[in-house]
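In what follows, a single structure is set out as structure tokens and then discussed.
Since the model is a prediction, treat every value here as computed from it, not as a measurement.
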Amino acid sequence: MSEDWKKYRDKIIGLGENSSRKSYYPELQDKISELETSKENLLTIINSMSDALFIHDTAGKILLMNNKARHLYQIEEDEIDQVNVSNLICDQDNYNRIHLIWENAIQGESDIFELISVSAKDMEEIPVQVSINSTTWNGEKVLVAVVRDFRERKKYEEELIAAKKKAEENDRLKSAFLANISHEIRTPMNGILGFAELLKQSDLTGEQMENYIQIIETCGFRMLNIINDLMDISKIESGIMTVTLNDLKINEVFDYIYDLFKPEADKKGIRLIKNTDIPIVICTDKEKLIAVLTNLLKNAIKFCHAGSIEFGYTTQEQSILFFVKDTGIGISKEKIEHVFERFIRGDHEMSPKYEGTGLGLSIAKGYVDMLGGEIWVDSELGRGSQFYFTLPLRRK
């Protein structure tokens with residue numbers, strides 16, 4: 001209550017500071033007390049609202065705002081007269097639209113709309129929903145705006161949209177994966193069945209029989225690799241894959257990997273380079289380390305048609321850094337962040353041009369994570385790829 005009003009009230013009802021007489025108007029005093037109580041109750045209700053509330057004129061001058069509005073827009077109580085509602089609207093286009101809504105509301109057309117507003121101090125953008133109506137305030141038409149903070153809802157909506165896109169992408173990848181797995185299984189199976197049927201012929205030479213058996217054997221190994229990949233990724237995701245730690249001579253592992261892939265690299269005319277650091281013994285899971293290196297080398301040879309592939313390791317203070325670098329087709333920026341996810345293949349699409357289930361890099365990441373390391377890739381489309389992973393430098 002303002003001091004002027006108090007003095008005026010006291011003068012009317014005879015309750016001035018120096019007055020020694022009782023009020024000549026006890027009924028008026030009771031009415032004033034009732035009005036003051038009603039006003040306090042109304043302010044209590046307004047300030048208890050979970051949404052911000054403004055009462056302002058058509059020029060945007062704020063006549064009343066509740067505690068939620070002051071908190072939302074960072075306005076102190078003594079600053080209300082310094083802030084116009086237009087200061088809380090994000091840009092001029094929005095202000096022009098809102099001003100038209102105000103004019104319609106004065107004519108009795110209530111409205112609900114969304115708006116990007118800004119706080120008065122730090123100009124933080126605040127997405128809000130506004131419900132606006134008109135009423136009478138001291139004999140003049142004014143606007144009552146109830147403002148709901150939509151930041152959490154917008155964040156939730158964005159998360160839902162992102163989740164929907166991811167789900168759709170996963171569905172697409174799963175469909176492509178199933179089609180690819182079907183192709184991967186049928187191809188060696190047709191080879192096995194077809195050449196097994198040819199072996200039934202009685203007029204085959206020894207050389208032909210040996211050739212057919214070799215093809216059947218190759219198809220069998222390919223089938224076995226597919227099944228192993230599916231089993232491995234299933235065990236990793238279900239958490240039943242175990243780790244067996246033992247002392248391991250890293251150089252012996254690299255000699256084995258080099259001898260394993262050298263013939264395949266020579267066949268494609270690719271130079272295979274082994275680059276190792278000082279001999280070192282670490283405590284890790286031998287089979288899983290070999291599986292990670294094998295998957296990375298397989299990919300490198302698959303997607304490299306000329307040039308070289310270099311693999312090796314360097315010791316660091318607390319870890320050992322492994323790398324596989326190739327001069328192959330590379331990976332696009334759009335796909336590189338998803339390359340370790342399930343069903344993603346290095347050729348970016350599930351094309352039949354390259355064999356494989358698209359699970360190799362997912363398995364490699366799963367094993368590296370289990371061994372306490374990290375794995376990442378640097379690549380550029382048409383300029384090759386460099387895969388890196390670390391393992392803790394544990395020793396027994």
Side-chain angles (χ1 to χ4, degrees), residues 169-170 173-185 187-188 220-246 248 250 253-254 256-257 260-261 264 282 284-304 309 311 313 319-326 328-329 331 335-351 354-379 385-392:
E169 178 67 6
N170 282 339
L173 290 173
K174 285 178 182 178
S175 298
F177 171 74
L178 290 173
N180 183 58
I181 283 292
S182 176
H183 167 77
E184 289 291 320
I185 292 175
T187 301
F221 278 122
R222 184 174 169 185
M223 282 280 291
L224 184 60
N225 287 334
I226 294 169
I227 293 169
N228 285 338
D229 280 353
L230 293 172
M231 292 294 293
D232 287 346
I233 198 68
S234 176
K235 287 180 180 179
I236 290 170
E237 294 193 345
S238 62
I240 63 174
M241 183 72 76
T242 57
V243 172
T244 304
L245 301 178
N246 289 297
L248 180 63
I250 298 297
V253 171
F254 273 76
Y256 167 76
I257 295 291
L260 181 65
F261 285 99
E264 190 174 352
I282 67 169
T284 192
D285 189 312
K286 178 179 179 180
E287 297 304 320
K288 289 178 177 55
L289 174 59
I290 290 175
V292 174
L293 290 169
T294 298
N295 276 318
L296 295 180
L297 263 296
K298 277 183 179 178
N299 265 8
I301 291 175
K302 183 192 301 183
F303 299 119
C304 189
I309 297 172
F311 72 106
Y313 71 90
S319 63
I320 181 168
L321 175 68
F322 298 89
F323 57 86
V324 176
K325 304 176 182 180
D326 66 68
I329 64 175
I331 306 169
K335 299 294 181 181
I336 198 167
E337 61 184 274
H338 304 292
V339 77
F340 293 108
E341 296 177 10
R342 292 176 302 162
F343 318 131
I344 301 290
R345 289 202 346 195
D347 51 334
H348 319 297
E349 300 293 339
M350 292 297 184
S351 68
Y354 300 101
E355 295 179 1
T357 60
L359 294 176
L361 292 179
S362 295
I363 293 170
K365 185 180 187 308
Y367 284 167
V368 171
D369 290 344
M370 292 173 68
L371 296 175
E374 296 181 14
I375 187 169
W376 67 95
V377 59
D378 291 328
S379 185
S385 303
Q386 301 86 46
F387 283 86
Y388 302 91
F389 69 95
T390 60
L391 292 182

Closest contact, heavy atoms only, L371 versus L289: CD1-N, 4.4 Å

Considering all heavy atoms, the nearest S379-S385 contact: OG-OG, 2.8 Å

Heavy-atom check, side chain of K325 versus side chain of F387, under 4.5 Å: no

Under the ring-ring contact (aromatic ring centres under 6.0 Å, His included) test, residues paired with Y388 that sit two or more places apart: W376

Set of residues satisfying salt bridge (Lys or Arg N to Asp or Glu O under 4.0 Å) with respect to K365, sequence neighbours excluded: D369

Plane angle bin for F322 and F389 - parallel if under 30°, tilted between 30 and 60°, otherwise perpendicular: parallel

Partner residues of T242 under the side chain to side chain contact (heavy atoms under 4.5 Å, CB included) criterion, sequence neighbours left out: none

Straight-line distance of L391 CG to L248 CG, nearest 0.5 Å: 10.0 Å

Those residues that, when tested against S319, pass side chain to side chain donor-acceptor pair (under 3.5 Å) (two or more places apart): Q316

Partner residues of D378 under the salt bridge (Lys or Arg N to Asp or Glu O under 4.0 Å) criterion, sequence neighbours left out: none

Derivation and outcome, ring-ring contact (aromatic ring centres under 6.0 Å, His included), residues Y313 and F254: CA-CA 9 Å; Y313 71 90; F254 273 76; 5.3 Å; yes

Between CG on residue D285 and CE on residue M370, distance to nearest 0.5 Å: 7.5 Å

Side-chain touch L361/N295, heavy atoms, less than 4.5 angstrom: no

Inter-residue atom distance L296.CG - Q386.CD, 0.5 Å rounding: 12.5 Å

Side chains of N246 and K286 in contact at under 4.5 Å (non-hydrogen atoms): no

Where L245 and V243 come nearest, the two heavy atoms and their spacing: CD2-CG1, 3.6 Å

Heavy-atom donor-acceptor pair, S234 side chain to L230 backbone, under 3.5 Å: no

Contact summary for S362 and F340, nearest pair of heavy atoms: OG-O, 3.1 Å

Donor-acceptor pair, side chain of T390 and main chain of E374, under 3.5 angstrom: yes

Between CD1 on residue I233 and CE on residue M241, distance to nearest 0.5 Å: 8.5 Å

Student check: side-chain heavy atoms of F261 and I309 closer than 4.5 Å: no

D326 side chain reached by F303 side chain, heavy atoms, under 4.5 Å: no

Spatial distance of atom CG (N228) from atom CE (M223) [nearest 0.5 Å]: 11.5 Å

Partners passing salt bridge (Lys or Arg N to Asp or Glu O under 4.0 Å) against K298 (at least two apart in sequence or in another chain): none

Point-to-point distance, once rounded to the nearest 0.5 Å, from CG of L297 to NZ of K302: 12.5 Å

